[in-house]
Amino acid sequence: MKKSAPSRIVNVSSQAHEGRNAELQLEDFKLSEEKFDAFQRYAQSKLAQVVFTKELSRRLEGTGVTVYALHPGVVSSDIWRNLEVLKKPYIQPFVMLVMFLFFKDCKQGAQTSIYCSVAEELEGVSGLYYSDCKVKEVNKLAKDPGLAKKLWDVSERITGESWKD
């Protein structure tokens, strides 16, 4: 990425990173089944993406590589195919109607990703979080440089890879 600068890294996260379930548990990755909460883990993973984006941006400062995190919106796509509520024939029509009325279609959902990838006005801007092609506020945990460093260190330990400038 540095060799092809100016270049951009775009991380697709979610507004779920903002919620009350969003906290980073960096020590307990293998919760037992009875403790597992899928939405909580989803929110945590999305918070980790935003924290990672900020730390990666800091590490790439001055290289010509910019980094962005974004929420694409709630998109009506095949991603919902395994949602338990859609397997209930008496609820499925109602859920499908709600999705049709309130969710973005795939083209609409792609707009913020495209914006962060190519918008000229973002040249030189890095480490921010976007939704609907606008900068949005992040969870206060995403602003904690100590947490970002800890996440980075845990990631290096787990992957066996280390940051090389």
Side-chain angles (χ1 to χ4, degrees), residues 1-24 26 38-83 85-86 95-152 154-156 158-159 161 163-165:
M1 297 298 291
K2 291 178 190 177
K3 289 180 182 176
S4 64
S7 54
R8 298 180 187 195
I9 298 170
V10 178
N11 294 314
V12 179
S13 184
S14 169
Q15 71 182 6
H17 89 277
E18 303 167 21
R20 63 179 173 79
N21 288 328
E23 58 182 43
L24 288 184
L26 299 177
F39 186 77
Q40 181 180 28
R41 286 303 177 144
Y42 178 78
Q44 290 174 7
S45 73
K46 297 308 175 178
L47 176 58
Q49 285 179 302
V50 175
V51 171
F52 170 82
T53 298
K54 290 208 166 282
E55 179 65 11
L56 183 60
S57 174
R58 186 191 67 74
R59 290 172 180 255
L60 291 171
E61 194 171 323
T63 65
V65 180
T66 51
V67 189
Y68 312 88
L70 65 93
H71 171 60
V74 183
V75 180
S76 180
S77 71
D78 197 35
I79 196 168
W80 304 103
R81 70 187 173 280
N82 293 319
L83 193 63
V85 72
L86 288 179
V95 173
M96 297 303 286
L97 177 63
V98 169
M99 290 172 74
F100 175 76
L101 293 174
F102 298 105
F103 287 22
K104 292 180 177 183
D105 63 30
C106 291
K107 183 176 179 180
Q108 293 165 329
Q111 296 310 300
T112 304
S113 295
I114 294 167
Y115 175 76
C116 289
S117 298
V118 300
E120 290 180 14
E121 63 266 28
L122 296 187
E123 193 170 314
V125 175
S126 188
L128 299 177
Y129 172 76
Y130 293 81
S131 181
D132 293 322
C133 301
K134 294 181 217 121
V135 175
K136 298 291 182 180
E137 193 60 37
V138 294
N139 182 313
K140 66 181 180 191
L141 294 173
K143 298 176 184 178
D144 180 349
L147 181 61
K149 170 89 169 82
K150 186 175 180 183
L151 173 63
W152 196 277
V154 167
S155 299
E156 284 185 341
I158 289 171
T159 63
E161 297 292 326
W163 176 259
K164 296 169 184 64
D165 287 324

His71 vs Thr112, side-chain contact (heavy atoms from CB on, under 4.5 Å): CA-CA, chis, key distance, verdict = CA-CA 8 Å; His71 171 60; Thr112 304; over 6 Å; no
Residue of the set Thr53, Asp132, Val12, Asn11 for which side chain to side chain contact (heavy atoms under 4.5 Å, CB included) holds with Leu70 | Val12
Kindly indicate, with the supporting measurements, whether the criterion side-chain contact (heavy atoms from CB on, under 4.5 Å) is fulfilled by Leu56 and Ile9.
-> CA-CA 9 Å; Leu56 183 60; Ile9 298 170; 3.8 Å; yes
Do you know which two heavy atoms are closest between Tyr129 and Ser13, and how far apart they sit?
-> CE1-CB, 4.5 Å
Do you know which two heavy atoms are closest between Cys133 and Gln111, and how far apart they sit?
-> SG-O, 3.7 Å
Taking Arg8 for its side chain and Tyr68 for its backbone only, find out whether a donor-acceptor pair lies under 3.5 Å.
-> no
Distance, nearest 0.5 Å, that separates CG of Leu151 from CG of Leu141 | 11.5 Å
Find the distance between CG (Leu147) and CG (Asn139) and round it off to the nearest 0.5 Å.
-> 9.5 Å
Tightest non-hydrogen contact, residues Ser117 and Val10, listed as OG-CG2, 3.7 Å
N-O pairing of Arg58 and Glu55 below 4.0 Å | yes
Give a yes or no answer on whether the side chain of Glu156 reaches the backbone of Trp163 with a donor-acceptor pair at less than 3.5 Å.
-> yes
Evaluate the side-chain contact (heavy atoms from CB on, under 4.5 Å) criterion for residues Thr66 and Leu122: first the C-alpha distance (whole Å), next the side-chain angles of each, then the deciding distance (0.1 Å), finally the verdict.
-> CA-CA 9 Å; Thr66 51; Leu122 296 187; over 6 Å; no
Residues, nucleotides or ligands: over 12 heavy atoms within 6.0 Å of Lys143 NZ = yes
Are the side chains of Leu60 and Met1 in touch, meaning some heavy atoms are under 4.5 Å apart?
-> no
Decide whether Tyr115 and Glu121 meet the rule of one side-chain donor and one side-chain acceptor closer than 3.5 Å.
-> yes
Using the six-membered ring of Trp152, assess whether NZ or CZ of Arg59 lies under 6.0 Å from its centre and within 45 degrees of the ring axis.
-> yes
Check: Gln108 side chain, Asp105 main-chain N or O, donor-acceptor pair, under 3.5 Å = yes
Looking only at heavy atoms, the pair that brings Leu128 and Val125 closest together is CD1-CG1, 3.5 Å
Looking only at atom types and distance, does a side-chain atom of Ser126 sit under 3.5 Å from a main-chain N or O of Ser57, one as donor and one as acceptor?
-> no
